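Encoded as structure tokens, the structure appears first; notes follow it.
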Amino acid sequence: MRQKLSEATVEIVSDSGEGAQKAGQTFGAVSAKMGNGVWTVEIIPAEIKPPARSRAGASGIRVRFGTKAITNMGDHADLVVALNEQVLYGRLDQKAYKKGTVVLLESKWATDGLETIRTQFAEALERFEGEGLRVIQLPIEAACGEHTDNPRVGKNMFVLGMLCHIFDRDIDKALNEVKLVFGKKGEKVVAKNQQLLRAGLEYAAKNLDLAFHVPSTASDEPKLVMNGNQALGLGVMAAGMEVVSMYPITPATSASHHVAGSFHKMGGLVHQAEDEIAAVGFAIGASYAGKTACTITSGPGLALKTEFLGLAVMAEVPLVVVVVQRGGPSTGLPTKVEQGDLLAVLYGEPGDAPKVVMAAATIEECFHMVITARRLAEAFRTPVIVLTDANLATGVQPIKRPELDPEWLAPPIDQSPWPKGLAPYAWDETTGLSPRPVPGQKGGEYVLTGLAHTQGSKVAYDPESNERGLKMRSRKLASLQQTLQTPEVHGDPEGDLLVVGWGSTLGAIEEAVDRMREQGHKVSSLHLRMVSPLPLGLNEIFSRFNKVMTVEINYSDPKDEGPYASGAPRRRSQLAWLLRAETLVDIESWSRVQGQPLQPLQVEQALLEVLEATKASAGGKSPVTA
Amino acid sequence: MRQKLSEATVEIVSDSGEGAQKAGQTFGAVSAKMGNGVWTVEIIPAEIKPPARSRAGASGIRVRFGTKAITNMGDHADLVVALNEQVLYGRLDQKAYKKGTVVLLESKWATDGLETIRTQFAEALERFEGEGLRVIQLPIEAACGEHTDNPRVGKNMFVLGMLCHIFDRDIDKALNEVKLVFGKKGEKVVAKNQQLLRAGLEYAAKNLDLAFHVPSTASDEPKLVMNGNQALGLGVMAAGMEVVSMYPITPATSASHHVAGSFHKMGGLVHQAEDEIAAVGFAIGASYAGKTACTITSGPGLALKTEFLGLAVMAEVPLVVVVVQRGGPSTGLPTKVEQGDLLAVLYGEPGDAPKVVMAAATIEECFHMVITARRLAEAFRTPVIVLTDANLATGVQPIKRPELDPEWLAPPIDQSPWPKGLAPYAWDETTGLSPRPVPGQKGGEYVLTGLAHTQGSKVAYDPESNERGLKMRSRKLASLQQTLQTPEVHGDPEGDLLVVGWGSTLGAIEEAVDRMREQGHKVSSLHLRMVSPLPLGLNEIFSRFNKVMTVEINYSDPKDEGPYASGAPRRRSQLAWLLRAETLVDIESWSRVQGQPLQPLQVEQALLEVLEATKASAGGKSPVTA
Amino acid sequence: MFGLKTDWSLEMPPAYFTLESYEGGAARWCPGCGDFAVLTAVQKICRDEQLPPEKVVAVSGIGCSSRFPHYMKTYGFHGLHGRALPVACGVKSRRPDLKIWVATGDGDCCSIGAGHWVHAIRYNMDMTVMLFDNAVYGLTKNQTSPTTPPGRKTNTHPRGAWLPALNPLTATLGFSNVSFVAQTVDWNPVHLHATLAAAYRHPGTSFVRILQRCPTYSDDMFAEVQKDSNRLLLLEHERGVPAASGLQRMYAKRMEHDPLDMAQARALAEQQDTLPIGVLFADPSRPRYDEYTAQGLEMTAEDRLNALESELDRFAV
Amino acid sequence: MFGLKTDWSLEMPPAYFTLESYEGGAARWCPGCGDFAVLTAVQKICRDEQLPPEKVVAVSGIGCSSRFPHYMKTYGFHGLHGRALPVACGVKSRRPDLKIWVATGDGDCCSIGAGHWVHAIRYNMDMTVMLFDNAVYGLTKNQTSPTTPPGRKTNTHPRGAWLPALNPLTATLGFSNVSFVAQTVDWNPVHLHATLAAAYRHPGTSFVRILQRCPTYSDDMFAEVQKDSNRLLLLEHERGVPAASGLQRMYAKRMEHDPLDMAQARALAEQQDTLPIGVLFADPSRPRYDEYTAQGLEMTAEDRLNALESELDRFAV
Ligand SMILES: Cc1ncc(C[n+]2csc(CCOP(=O)(O)OP(=O)(O)O)c2C)c(N)n1
Ligand SMILES: Cc1ncc(C[n+]2csc(CCOP(=O)(O)OP(=O)(O)O)c2C)c(N)n1
Ligand code: SF4
Ligand code: SF4
Ligand SMILES: [Mg+2]
Ligand SMILES: [Mg+2]
């Protein structure tokens, strides 16, 4: 009898080039098609082609799937297929496994011709046992070799077959998926891979006593499976952008790749500029000329765009800037997740440069937020920043297929004559908003300038004009703020602890909160999508909790550590800092900056600690109902 | 009998090229030599050579001098010499004059050959009268013409002579000063100008009933007269910098000009790079190689340096970055003052990039702060930002002549072998500090990198190293913080209102506070020099006042204005924002962003309003003793 | 005038544009500044070509010369120091109907903007790029520029600039896909006009270096060349600046130079004793990136949505 | 080897450096990457020249090739994408004793770093600049670079790159004060070594374009030239890469080319069918900015304080 599970987390880890990712993606797609919730995340080595069997060279994939929706990569893997033992070291360092995690380990290395390899293998086994892993040695390549001349290339499908058996995947769906994946390469290739998949399935059935069942409910709702960068790319197209102006930078570039692959079919242009400065300048030029444009980048590229962003704010040029965050500062951790650019996008430009800043929390939001951003950029005549991160960029999930709306597309540019006497910045005193002339509009001729200017866009020599312009630009944020909904609290509207988050940590935070609530803790959470302007009503919500804290993936000084004078304020995480200034509430922060998505368990432990400390300082009276 | 004044504010305003600035500078120097306190500030037109008699073309100078030290440009001028009437319009817009200000106005325009000019003159007179100015028409050029063939060129000395009579300046000192100024041009030129000065003096004595006396106390203390950019340049040299790497940008460039004029005599190098990115990169390269280097810039240039600043933080490269602030955002107000770059220097870089940030409050501090900055940069292995602004850059003041200290110079670089086994980032766990190897040191070979790295400067692939590096870099700020003195309160240590300021507003704020204290208000002020890390003890100080507010020259949403939802937090000035997050005190802010230095009177009025409001909200009980 | 359309033509188009149609605010350069002449020349070409003012965009960076757009009564973009070219390319990318004039200084283009210069030349989008080369930083008051001759005293090099001056002509001629390079002087309005007109009519990026006098900071910079017409070499060609009557009389040194001859263009560009004026290089056949960037403009919303639906299909499960 | 110092010399200096003296961590490029050969060549030259490792600084930007410093056991600076040259100039400015090797990619140098490229060539400070030209962005996984030939499919141009490729040789030869330009290939270690050695010994900025294979993303990029030695033209000259024994046998097409001949160098640089390898241009007499920037190094603290006192005097009242 198969053991029933509500969810499972599986990894395939190998040297790069062994096809682990393709196998895992296919496994994820099959699960999604079966109606399971799924979250897939790739394990990417730091180098392009790390040497074989190197510790830092782990390449692979994690698939977490379950009966209900899955929103994050989870804690520890339940089962791992490893094509050599060395690649597991890095995963152990990253605490990817726990006691009892099953490791299906390629056994050929035990009898390798090289003694060093045999020794390495033996040592690794010892280490894994010490860690409490349940290692099952399997001659995967040999078994696969019985069905193909080239088992190195084919074993990923063999492994996929094994997993399909172990987790009771729908075999027809799996075979069909293989067809989709290899279809372009011809029937023979498809047939071969399907054969290997079947072989793996049979091999597992015969040799392993691992058999689980993760129930799913098939639904008719049309779904798409994609990662956040793909969603972003599609969102760019759905928003009716005409120009994506970019310079390659990890982890943002793949979003542009996705666009580059099909944008021409929508008449769009991907411009790879000579650098990030030119990329944003080009986008601003296109936008000035009435064409909707965005630029997509990551930390170091954002830094280079600083000056042009100031111009866009000053001259009120609509512009969408997507920042797919990675580890910083400087080159930092180019392929790894961090939420370290919040304050930089808010305050990076010299002078007062208010702009709209939003942060996507899910893969689905990566799609929809670009559409909103484009509209806000035009309505408020301002740059709008959309923050995502490497976790969203590479995480894969089934999402509801959006119903495309022609309204999402930018309307064609207005080329009718400009109303006589109307200034190019005819600011509405109350809202700061103004209509925008576009080249080609007769009578609208004006010169955009980054100098302080009058509403006629003339260089301002008088002291008042400068202040007036600053006021009008600031007022736009206040106007937008009026229209924002107060975010909803996840959990009870009051309690002991409120966790505030933003961006890709949504899934991990809510999962942790849910678990704690099940244990009786009075914890709730709140997730911000709009960071500038902040929505109204936060103070009111915060006042209903004993303690408010943020959970973020950016640096904060650890509590109770280090040489700090008593009373010296620790450096907090970025959202915490922002909310402190805004609400004057003593907002705590907990963060990890290890280049990895947060795990629900980590978050849970952190929240528990804060709860304990709050209770202790509240004089022992426990506000937690058991 | 001469009327005795404790201080006076005089302006000379003209078309550019008429020598007003030279006359005013000489007047200021003479006053300084007599032992008066002096503050001189130039009136600079927006264009290089604006057309003659244009409203936006005012070129000239203001000299405020008094019995005691003068720390700012003051409020309204008492007396103005204007060489045409048009240039006064801009000054009126800038509220430079008050009812009763005496205007000595060149009268030749009244009878100009062109009717338009005659009409303009008449209209102006009417306007000036309407404003309550006391206009005295004088045929200055004609009177001067009696002593020279070229009165256009000579009349500035004639005007100087007039002012020397009116304000009872030491004539020998004045003649001597003329000699110093024109000495290079030969004896004849000196004699001619001295003659004109005498002529002006006699002319005023004969034709004007204006005669004042501003007592002074001559002192033996050696003094220097200079502006903030000159002080900065001298500070760079006194700090033992070897490299100033820059790209021209107003209002920072003139500091580099001053250095360029004499740096070679100290063996130093001014490198004008191809852009600001290269400028900072060059400085970082020099610093990496053990040579002390700084870069000097303003807002737009700072924006371009963002990425390299992140690298300097990440790789712990000592570097001094001077930012002479101007109006922003974007190109903004290139020649005008603003304090708008505080948050940008604190948070501009993507990722967590803690660094030291200081702000000079006086011209003297422009000199000394560079020396401190260089030492901190090296001791803490970090970039140090020194903020000044256009007000300090162009304000001229007598300062105490510094006694040069060989200790200020950077020591020669260490080229002795690097201790065996010592890592290039051998962080002290408590302080985050580490010794730094310099190329040429045998055994110290390491590769500096902007990637997350281990203490061996090896690219870090493990999750902990990244967090460790972040922690060590953050810890350095905490370590520095321990050593900072709590700033002193100006005025009583407790009261109704505490005004917090930073940078060039010191003089205006303290003058306003002093005036109010004389009137019995319980107002004090506190001025921050160190902004990152902030000194300890602020909460304690703040708690002793009913209300704390900042006064700044950067944008804040005006109170009680605009379409803001109740409870919607207004956007505050930048220091207020920082202090709110840090102290959780509800810090108010008042600001003006008109490209002009604050006037004590403005500040006084703003403080009074806040006092009133605080009293009102405190229920009518007046905390002010009359 | 100059053999082009003239004011007194009897066949007036329905909405005839006069010089005033292009004249913006009163130009605020110093008296005697060479920039005035360039402004006038461009306004005349707009008039000659009868360009609707709303279809003209003047793009610039920051500098004295970059104030140019403010003095045109057309659309304009006065952007960031060094960044005129990326903005101009962005404007042009999806608006083939707009006519682009780029005003950039020797600091703006050859120092801080040098990277964009290399690439904009390579993009070869249809626009006219005017390098206002006064061999000094004007707006920031007399610092060394890349084209400042060594020895010349400036505020950043009070003992004299040290580096050899950058030659914008040889550099541009070395950039791949360069399609038009010319040189002219601000003090000869006939040649200035003829050169800019040739540049305007050239399809692709026309790069024109204008020797521009800055009486305020480099009064004597071009005094010699200006005085001694033998220091200039007039390049003539039917596909360049054609042999116009007035010009031939002005210059003793003349030369027939085929703008397609790159080797000779490079050799001419190197000359310092006699400065060539006219078109050094012009090849209208070079690929133009604006033809690529404008692809797909004709697509309807329906086309686009349909294409997007099939994109979504690729991700369907 | 190659007529330079050799390992088996009997006159060993007191501290003799071996190849290992320069070998840093195991290089982590892809198998078959051309970067390995360059690394080896540089290490050999360091050994041949017996450079104390602590006096060598390898400076780079960001890219696969920019990992170079990590694999040298010398000082190194692995900086920002595109910014190797300003950093290298800063290092050299006040440290004439340090030997600088700059590693930069075709994206690093010719795209984002193009502005610095123009100016570093003009500064002509003594350093060796190695352009690792694999005609692709390696580290970010296969995007178009300025030197990508049109038509080639990349991740940013899946339908094929569109723009003409930038020619780094013609560009560099157009920059004023250029003093050394050479081209070589990663797959001929003899020529690579000889060219880099000539570059190293040249006083001033030596710019060497290395055709570098990237088996991962542009496997076939140089396959043809590599296969057909007739696609290469061996430039020989006593002041360039001298006619070394092994080389002459390898290439049928050879040519004596005087590196002082700029016109011929430019013509050679334009050639696409036969790619010239060797030294295209070398003029050791060009002014070097590092000689200017190092002025005053000898001054004592006393000198400096005295000078400063007289500066202060100028402001005294
Ligand atoms: C990022 C940035 N750096 C520096 C400046 C200051 N700046 C303005 S114009 C200019 C140079 C002007 O010289 P050029 O381009 O030759 O134009 P010109 O004034 O001579 O016409 C500089 C350095 C700036 N505005 N922005
Ligand atoms: C400011 C910035 N922009 C973009 C990147 C991303 N990036 C890293 S290397 C690289 C290009 C690498 O190509 P190339 O210079 O040719 O070197 P190669 O990897 O081919 O050796 C890019 C775009 C970055 N690190 N920093
Ligand atoms: S400073 Fe020179 S370039 Fe600038 S406007 Fe004046 S004359 Fe013209
Ligand atoms: S991707 Fe190409 S250039 Fe980069 S290391 Fe691999 S083979 Fe070398
Ligand atoms: Mg110039
Ligand atoms: Mg490359």
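Lettering follows sequence order; numbering is per chain, from 1. Just so it is clear, the structure is predicted and the values come from calculations on it, not from any experiment.
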Between [X] and chain D, which part of the residue has a heavy atom less than 4.5 Å away: side chain, backbone, both or neither?
| X | result |
| --- | --- |
| B/Tyr288 | side chain |
| B/Ile413 | side chain |
| B/Pro222 | neither |
| B/Gln230 | side chain |
| B/Val30 | neither |
| B/Pro398 | neither |
| B/Lys442 | both |
| B/Ala238 | both |
| B/Phe263 | neither |

Examine the side chains of [X] and [Y] and answer whether a donor and an acceptor come within less than 3.5 Å of each other.
| X | Y | result |
| --- | --- | --- |
| D/Asp35 | D/Ser65 | no |
| D/Thr300 | D/Asp303 | yes |
| D/Ser111 | D/Tyr137 | yes |
| B/Arg169 | B/Asn36 | yes |
| D/Thr140 | D/Gln143 | yes |
| D/His78 | B/Thr449 | yes |

Selection from [options] maximising heavy-atom pairs under 4.5 Å formed with chain B:
| options | answer |
| --- | --- |
| D/Arg122, D/Arg83, D/Lys73 | D/Arg83 |
| D/Arg95, D/Met299, D/Glu311, D/Arg314 | D/Arg95 |
| D/Gly90, D/Cys89, D/Gly82, D/Gly296 | D/Gly90 |
| D/Tyr289, D/Tyr123, D/Tyr292 | D/Tyr123 |
| D/His116, D/Glu302, D/Glu298, D/Lys55 | D/His116 |

Parallel, tilted or perpendicular for D/Trp29 and D/Phe68, by the 30°/60° rule? tilted
Do you know which of [options] has the most heavy-atom pairs with chain D at a distance under 4.5 angstrom?
| options | result |
| --- | --- |
| B/Pro402, B/Gly281, B/Gly268, B/Ser457 | B/Gly281 |
| B/Ile399, B/Ile284, B/Leu451 | B/Leu451 |
| B/His271, B/Lys458, B/Arg401 | B/Arg401 |
| B/Met314, B/Lys265, B/His258 | B/Lys265 |

Heavy atoms of D/Thr74 and D/Pro53 approach each other most closely as CB-O, 3.5 Å
Quick check: are there more than 12 heavy atoms from other residues, nucleotides or ligands sitting under 6.0 Å from CD of B/Glu221? yes
Heavy-atom distance under 4.5 Å to chain B: side chain of [X], backbone, both or neither?
| X | answer |
| --- | --- |
| D/Arg67 | side chain |
| D/Glu309 | both |
| D/Leu308 | both |
| D/Arg94 | both |
| D/Asp313 | both |

Show the numbers, then the answer: is there a ring pair (Phe, Tyr, Trp, His ring centres under 6.0 Å) between D/Phe175 and D/Trp117? CA-CA 9 Å; D/Phe175 301 154; D/Trp117 174 30; 5.2 Å; yes
Would B/Glu276 and B/Lys305 pass as an ion pair if we require N to O under 4.0 Å? no
Below 4.0 angstrom, N of the basic side chain to O of the carboxylate: do B/Lys33 and B/Glu177 qualify? yes
Do B/Phe65 and B/Phe27 have ring centres separated by under 6.0 Å? yes
Beyond-backbone contact of B/Val447 with B/His453, side-chain heavy atoms, under 4.5 angstrom: no
